[in-house]
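Here's the structure we're looking at; comments come further down.
All residue numbers in this chain count up from 1 along the given sequence.
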Amino acid sequence: MDRLHNINPFAKRDSHSKNTIITCTVFHKVLTTITWLLSIVVSVYYTFHRPHDGVWPRRKIWGQNDAFYTAFRMNHIIASIYWIVLFILQGGYIAHLFSGNVERVNAACSVGSHFIVNNLFHFAFVMLFVRSFFGWAELFIILNFINLTSLYFRHPGYARFIHTPVVSGPLAWTFVAIYWNGAIMVPHPDSLVARIFGNIFIWSILVYGLFFIVVYKDYTMGFNLSVLSAAIGVSQFFRQVIAFQWIFAFIIMAILFIATVVVAVPAATGRDIKFARAREGDTERAPLLGENN
């Protein structure tokens with residue numbers, strides 16, 4: 001069992017042996033870099049080009065977004081900035097796999113397998129989404145949501161350089177994308193019934209964000225979700241000024257942002273001792289208050 005635990009790349013480890021560090025580093029340097037680049041290439045390519053194969057309507061990523069007037073339609077400028085920043089931060093995470101600091105390599109390797117799966121699921125989602133296979137795309141979003149949620153609760157205590165690009169950033173996007181793609185997937189996505197359901201389900205973004213802010217004091221989740229709420233709000237405002245959805249989106253954005261500041265400022269000034277609820281004997285450190293920034 002110990003041997004299987006050491007071989008399993010998804011196993012939770014508080015420490016690594018010297019041999020494990022070497023094996024893990026080689027494994028994750030190759031796969032992490034390749035899948036990350038694959039995720040970037042497919043995202044950038046289909047931002048500017050539409051696919052030329054497939055039997056259903058083929059559009060660019062934001063062409064699909066603009067083609068359906070759903071309750072979760074996003075502003076592509078804000079959403080694109082979100083992804084550009086996220087990809088840059090992920091590049092910083094990958095750089096830590098090449099670090100000479102053993103603790104940084106250990107921490108980076110511990111979440112690397114989930115990050116690789118996230119990249120592969122993102123690749124699959126984009127390939128299906130631009131070809132209008134929304135049902136299959138939704139399946140991969142849900143699978144990735146399970147993957148990232150598992151990562152969050154298995155490794156809630158890592159430093160900022162890991163937590164933001166690998167955990168909270170992709171998880172916040174995936175949660176919102178479930179509604180974004182799901183709203184397109186349902187029949188008559190711009191109907192009154194669909195928009196009423198959208199008016200209801202958008203509040204789950206607030207509940208989801210406040211859960212992490214209150215329970216884990218995770219201000220990165222709050223900030224990420226506030227940005228994505230802003231992307232929804234701006235798009236809905238320009239679609240229809242007299243409507244509830246953009247008002248709800250901006251209210252959610254404001255609440256999450258204020259809650260984020262309330263938690264982030266004490267953390268940044270060192271007044272807050274804990275990032276998350278400490279477990280007795282837990283050697284993992286708070287992700288945003290650790291010294292490994």
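Just one residue in the list Leu37, Val30, Thr32 forms a side-chain contact (heavy atoms from CB on, under 4.5 Å) with Ile34, and that residue is Val30. Considering Leu38, Asn118, Thr35 in turn, Leu38 is the only one that fulfils the side-chain contact (heavy atoms from CB on, under 4.5 Å) rule with Phe123.
The distance from atom OG of Ser235 to atom OH of Tyr69, rounded to the nearest 0.5 Å, is 9.5 Å. The line from CD1 of Ile252 to CG of Leu228 is 12.0 Å long, rounded to the nearest 0.5 Å. Taking CG of Asn224 as the start and OG of Ser168 as the end, the distance is 5.0 Å to the nearest 0.5 Å. Here CD of Gln245 is found 11.5 Å from CZ of Phe250. Values are rounded to the nearest 0.5 Å. If you take CD1 on Ile84 and CD1 on Ile40, they are separated by 11.0 Å, rounding to the nearest 0.5 Å. One distance of note links CE of Met221 with OG1 of Thr260; it measures 10.0 Å at 0.5 Å rounding.
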Test salt bridge (charged side-chain N to carboxylate O under 4.0 Å, His left out) on Arg131 and Asp53; report intermediate values, then the result. CA-CA 8 Å; Arg131 291 168 175 80; Asp53 59 304; 2.9 Å; yes
Check the pair Phe153, Tyr216 against side-chain contact (heavy atoms from CB on, under 4.5 Å), reporting the backbone distance first and the verdict last. CA-CA 10 Å; Phe153 292 116; Tyr216 291 94; 3.2 Å; yes
Tell me, with the steps shown, if Ile78 and Val227 meet side-chain contact (heavy atoms from CB on, under 4.5 Å). CA-CA 8 Å; Ile78 298 176; Val227 172; 3.9 Å; yes
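Using cut-offs of 30° and 60° for the angle between ring planes, the Tyr93 and Phe115 rings count as perpendicular. Classification of the Trp62-His76 ring pair by plane angle, with boundaries at 30° and 60°, yields tilted. Ring pair Phe175/Tyr208 is parallel by interplanar angle, where below 30° counts as parallel and above 60° as perpendicular. Ring pair Phe72/Tyr179 is parallel by interplanar angle, where below 30° counts as parallel and above 60° as perpendicular. Taking the six-membered ring where the residue is Trp, Phe244 and Phe248 present parallel rings, their angle staying beneath 30° rather than reaching 60°.
Under a cut-off of 6.0 angstrom, the local environment of CH2 in Trp136 is sparse, with at most 12 non-hydrogen atoms contributed by other residues, nucleotides or ligands. Within a 6.0 Å sphere centred on CZ of Phe87, heavy atoms belonging to other residues, nucleotides or ligands number more than 12. The environment of CZ in Phe211 is crowded: more than 12 heavy-atom neighbours from other residues, nucleotides or ligands sit within 6.0 Å. Around the CZ atom of Phe129, the shell of radius 6.0 Å holds more than 12 heavy atoms that belong to other residues, nucleotides or ligands. Counting non-hydrogen atoms of other residues, nucleotides and ligands closer than 6.0 Å to CZ of Phe197 gives a total of 12 or fewer.
Annotation for Ile232 and Ala71: closest pair CG2-O, 3.9 Å, computed over non-hydrogen atoms. Across every non-hydrogen atom of Val166 and Pro170, the tightest pair is O-CG, 3.6 Å.
A distance-only check finds no donor-acceptor pair linking the side chain of Ser39 to the backbone of Asn119 [under 3.5 Å]. Between the side chain of Ser204 and the main chain of Phe201, a donor-acceptor pair closer than 3.5 Å is present. One N or O on the side chain of Ser191 and one on the backbone of His188 form a donor-acceptor pair closer than 3.5 Å. For Tyr82 (side chain) and Gly169 (main-chain N/O), a donor-acceptor pair under 3.5 Å exists by modelled atom type. Between the side chain of Thr70 and the backbone N or O of Ala183, no donor-acceptor pair lies under 3.5 Å. Put simply, the side chain of Ser226 gets close to the backbone of Phe223: a donor and an acceptor are under 3.5 Å apart.
By the criterion of side-chain heavy atoms lying less than 4.5 angstrom apart, applied directly or through intervening Ile, Leu, Val, Met, Phe, Trp or Tyr residues, Leu225 is grouped together with Trp203 in one hydrophobic cluster.
For the pair Glu138/Ile178, a side-chain contact is recorded, criterion being any heavy-atom separation below 4.5 Å from C-beta on.
Arg195 and Gln236 share a side-chain donor-acceptor pair at under 3.5 Å.
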